[in-house]
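The next block holds one structure in the form of structure tokens; read it before the comments.
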Amino acid sequence: MKKKTILIIVIAIVCAVVAWLFLAGPLSATKAAEADEADAMERLKPVGPTFNADSAYAFTKAQCDFGPRDMNSVGHDKCAEWIIAKFKEYGCEVNTQKADLKGYDGTTLKSTNIIAHWNPKATTRIMLCAHWDTRPWADNDPDSTNWHKPILAANDAASGVAVMLELARLLNQLPDAAVTSDADAAHTLMATRSLGIDFVCFDAEDWGIPQWSDQADDGDSWALGAQHWAKNKPGDYAPRYGILLDMVGGQGAKFYQEGMSLQFASDIVAKVWRAARQAGYGSYFPKSSGGMITDDHIPVNQVANIPCIDIIPYYPDCEQSSFGPTWHTLDDNMEHIDPATLKAVGQTLVQVLFTEE
């Protein structure tokens with residue numbers, strides 16, 4: 001009797017397993033096929049104009065041609081005038097937010113945040129931002145004799161502003177929907193025309209405590225311009241979300257999902273990384289998390305209460321820095337700017353803007 005009972009139980013278990021395999025197998029295969037199809041559809045749905053990487057590269061070089069743009073320098077002031085003029089050239093209304101800020105060492109920093117508004121009358125707005133000042137010290141350079149020299153900062157400053165300028169140029173060239181014969185294109189244009197884009201260039205981001213200092217670094221010495229902007233933004237300014245661009249032109253860059261961005265605005269991270277796959281640049285935007293970064297998006301989230309994410313590279317295998325081998329070194333120059341990286345980030349942002357409803 002006992003053996004018979006065990007046999008019946010075994011038979012029941014075997015039948016259940018067979019049934020589960022029979023049902024689950026097709027279901028699993030179906031889910032896998034659906035996932036593959038979804039990924040394929042994402043990769044095959046680019047929209048919007050073509051982002052011109054050569055133009056963005058030229059904008060990067062133009063900033064570097066002013067030399068280092070560290071705080072209170074001649075290059076800094078001349079570059080500010082150039083950035084303002086370029087955004088105005090591309091149809092933006094531009095205003096500035098000037099302030100005397102205190103550096104970690106007590107230095108008074110003559111700071112200028114530059115805010116350019118495309119389609120300023122639109123009430124639905126997206127914020128794109130980047131810092132434009134440069135590091136006054138190459139404190140991560142492998143040669144210690146360079147630690148007190150200012151860097152050219154082709155990637156760690158100029159690249160983010162360059163991508164925003166190219167986007168402003170593209171937006172300024174949009175045709176009227178009325179003259180577009182393609183219905184989908186007309187819908188996309190009309191939807192984009194209903195959006196307003198704010199390009200915010202933060203100053204005084206990179207005056208953070210240098211590695212050669214004996215002062216403790218709690219993070220507050222960084223992103224001074226963004227901190228000031230967040231505390232003094234217009235009270236009624238409430239964009240849907242913000243996207244920060246930091247070091248978006250480096251060779252070999254991949255943009256993992258930054259940890260604080262996931263904490264503050266995981267839905268925007270998902271939106272942008274999906275757009276990268278739709279535009280065909282998913283390989284630059286792995287579906288993996290990187291480290292948590294102190295950057296301009298922190299005060300934007302915590303003080304201004306605007307959900308904002310950071311597109312920033314992560315080099316998990318780089319001994320020099322997880323931000324890449326040129327970070328805060330004299331090698332951060334045009335020789336190490338890759339137009340393909342600028343293209344991947346820029347086209348992803350085009351995809352984001354032109355799929356926004």
With a 4.5 Å cut-off on side-chain heavy atoms, are Leu245 and Leu349 touching? yes
Would Ile268 and Ser261 count as a side chain to side chain contact (heavy atoms under 4.5 Å, CB included) if you check the C-alpha gap in whole Å, the side-chain angles of each, and the deciding distance to 0.1 Å? CA-CA 8 Å; Ile268 308 305; Ser261 302; over 6 Å; no
Under the side chain to side chain contact (heavy atoms under 4.5 Å, CB included) rule, what do Cys318 and Trp327 come out as? Steps first, then yes or no, please. CA-CA 11 Å; Cys318 180; Trp327 178 74; over 6 Å; no
Check Cys308 against Asn301 and note the closest heavy-atom contact, atom names and distance. O-ND2, 2.8 Å
Cluster companions of Phe202 among Ile, Leu, Val, Met, Phe, Trp, Tyr (side-chain spacing under 4.5 Å): Ile115, Met127, Val200, Trp229, Tyr237, Val300, Ile306
Before giving the answer on side chain to side chain contact (heavy atoms under 4.5 Å, CB included), spell out for Glu356 and Tyr241 the whole-Å C-alpha distance, their side-chain angles and the decisive distance to 0.1 Å. CA-CA 11 Å; Glu356 191 74 22; Tyr241 55 85; 2.8 Å; yes
Please confirm whether the backbone N or O of Ile311 pairs with a side-chain atom of Gln257, one donor and one acceptor, at under 3.5 Å? no
Would you tell me whether Thr145 and Asp143 have side-chain atoms, one donor and one acceptor, within less than 3.5 Å of each other? yes
Are a donor atom and an acceptor atom from the side chains of Thr108 and Lys102 found within less than 3.5 Å of each other? yes
Are Leu224 and Ile293 connected in the hydrophobic side-chain network, where two residues link if heavy atoms are under 4.5 Å apart? no
Glu205: salt bridge (charged side-chain N to carboxylate O under 4.0 Å, His left out) partners, not counting sequence neighbours: none
With a 4.5 Å limit on heavy-atom distance, are the side chains of Leu152 and Thr134 in contact? no
Among side-chain atoms of His76 and Asp203, is any donor-acceptor pair under 3.5 angstrom? yes
For residues Ile151 and Leu330, determine if any side-chain heavy atom of one lies less than 4.5 Å from a side-chain heavy atom of the other. yes
Within the structure provided, determine whether Asn113 and Lys98 are in side-chain contact (heavy-atom separation under 4.5 Å). no
Which atoms form the tightest heavy-atom contact between Ala279 and Pro46, and what is the distance? CA-CB, 4.3 Å
Using the rule that Ile, Leu, Val, Met, Phe, Trp and Tyr join whenever any side-chain heavy atoms are under 4.5 Å apart, tell me whether Val94 and Trp132 fall into a single cluster. yes
Rounded to the nearest 0.5 Å, the CG atom of Asp141 sits from the CH2 atom of Trp147 at a distance of 9.0 Å
Tell me the closest heavy-atom pair linking Trp273 and Pro286, and the distance in Å. NE1-O, 3.1 Å
OH (Tyr315) and NZ (Lys254) are apart, to the nearest 0.5 Å, by 10.0 Å
ILVMFWY network linking Ile83 to Trp118, side-chain heavy atoms under 4.5 angstrom: yes
Considering all heavy atoms of both residues, which atom of Ser55 and which atom of Arg169 are nearest to each other, and what is their separation? OG-NE, 3.7 Å
Which is it for His297 and Asp295 under the side chain to side chain donor-acceptor pair (under 3.5 Å) test, yes or no, and what are the steps along the way? CA-CA 5 Å; His297 67 313; Asp295 208 345; 4.9 Å; no
Value for SG (Cys92) from CG (Asn119), rounded to nearest 0.5 Å, stands at 10.0 Å
Only counting residues at least two apart or in another chain, list the ones meeting salt bridge (charged side-chain N to carboxylate O under 4.0 Å, His left out) with Glu89. Lys86
Would you say that more than 12 heavy atoms from the other residues, nucleotides or ligands in this model lie under 6.0 Å from the CD of Gln173, or not? yes
Under the side chain to side chain contact (heavy atoms under 4.5 Å, CB included) rule, collect the residues that match up with Gln215, sequence neighbours excluded. Tyr104, Ile209, Ser213
Heavy-atom closest pair, residues Gln211 and Asp139: N-OD2, 2.9 Å
Do Asp310 side-chain atoms and Glu258 backbone N/O form a donor-acceptor pair below 3.5 Å? no
Check the pair Trp222 / Asp217 against side chain to side chain donor-acceptor pair (under 3.5 Å), numbers first and verdict last. CA-CA 9 Å; Trp222 302 84; Asp217 188 355; 3.0 Å; yes
Does Lys61 come within less than 4.0 Å of Asp65, counting only side-chain N to carboxylate O? yes
Is there a donor-acceptor pair closer than 3.5 Å between any side-chain N or O of Arg135 and the backbone N or O of Gly208? yes
Should Lys78 and Glu81 count as an ion pair when the cut-off is N to O under 4.0 Å? no
Is there side-chain contact between Leu165 and Trp82, with at least one heavy-atom pair below 4.5 Å? yes
Flag the pair His328 / Trp137 as yes when their ring centroid distance falls below 6.0 Å, and as no otherwise. no
Is it true that Asp100 and Lys110 have a side-chain N and a carboxylate O under 4.0 angstrom from each other? yes
Distance col, row Lys233:NZ vs Asp198:CG, nearest 0.5 angstrom, shows 11.5 Å
Do His336 and Asn155 have side-chain heavy atoms sitting under 4.5 Å apart? no
Any chance you could lay out the side chain to side chain contact (heavy atoms under 4.5 Å, CB included) test for Asp70 and Asp133, step after step, and finish with the verdict? CA-CA 6 Å; Asp70 50 310; Asp133 65 303; over 6 Å; no
Could you measure the distance from the OG1 atom of Thr124 to the CZ atom of Arg240? Nearest 0.5 Å is fine. 5.0 Å
When hydrophobic residues are tied together by side-chain contacts of less than 4.5 Å, even through go-betweens, does Val350 share a cluster with Tyr57? yes
Any donor and acceptor pair, going by atom type alone, linking the side chain of Ser73 with main-chain N or O of Arg69 inside 3.5 Å? no
Sub-4.5 Å side-chain heavy-atom contact between Phe323 and Asn140: no
One should read off an interatomic distance between Thr329 OG1 and Gln320 CD, to the nearest 0.5 angstrom, of 6.5 Å
Backbone N/O of Ala275 and side chain of Thr348: donor-acceptor pair under 3.5 Å: no
In terms of heavy-atom contacts, Val47 and Phe354 come closest through CG2-CB, 3.8 Å
Joint cluster assignment, Val161 & Phe255, ILVMFWY side-chain distance < 4.5 Å: yes
Cluster membership besides Tyr256, Ile/Leu/Val/Met/Phe/Trp/Tyr side chains within less than 4.5 angstrom, sorted by chain and number, is Tyr314
With sequence neighbours left out, write down each residue that passes side chain to side chain contact (heavy atoms under 4.5 Å, CB included) with Asp338, or none if nothing qualifies. Gln251, Ala340, Thr341
Do Phe59 and Met164 touch side chain to side chain, with heavy atoms closer than 4.5 Å? no
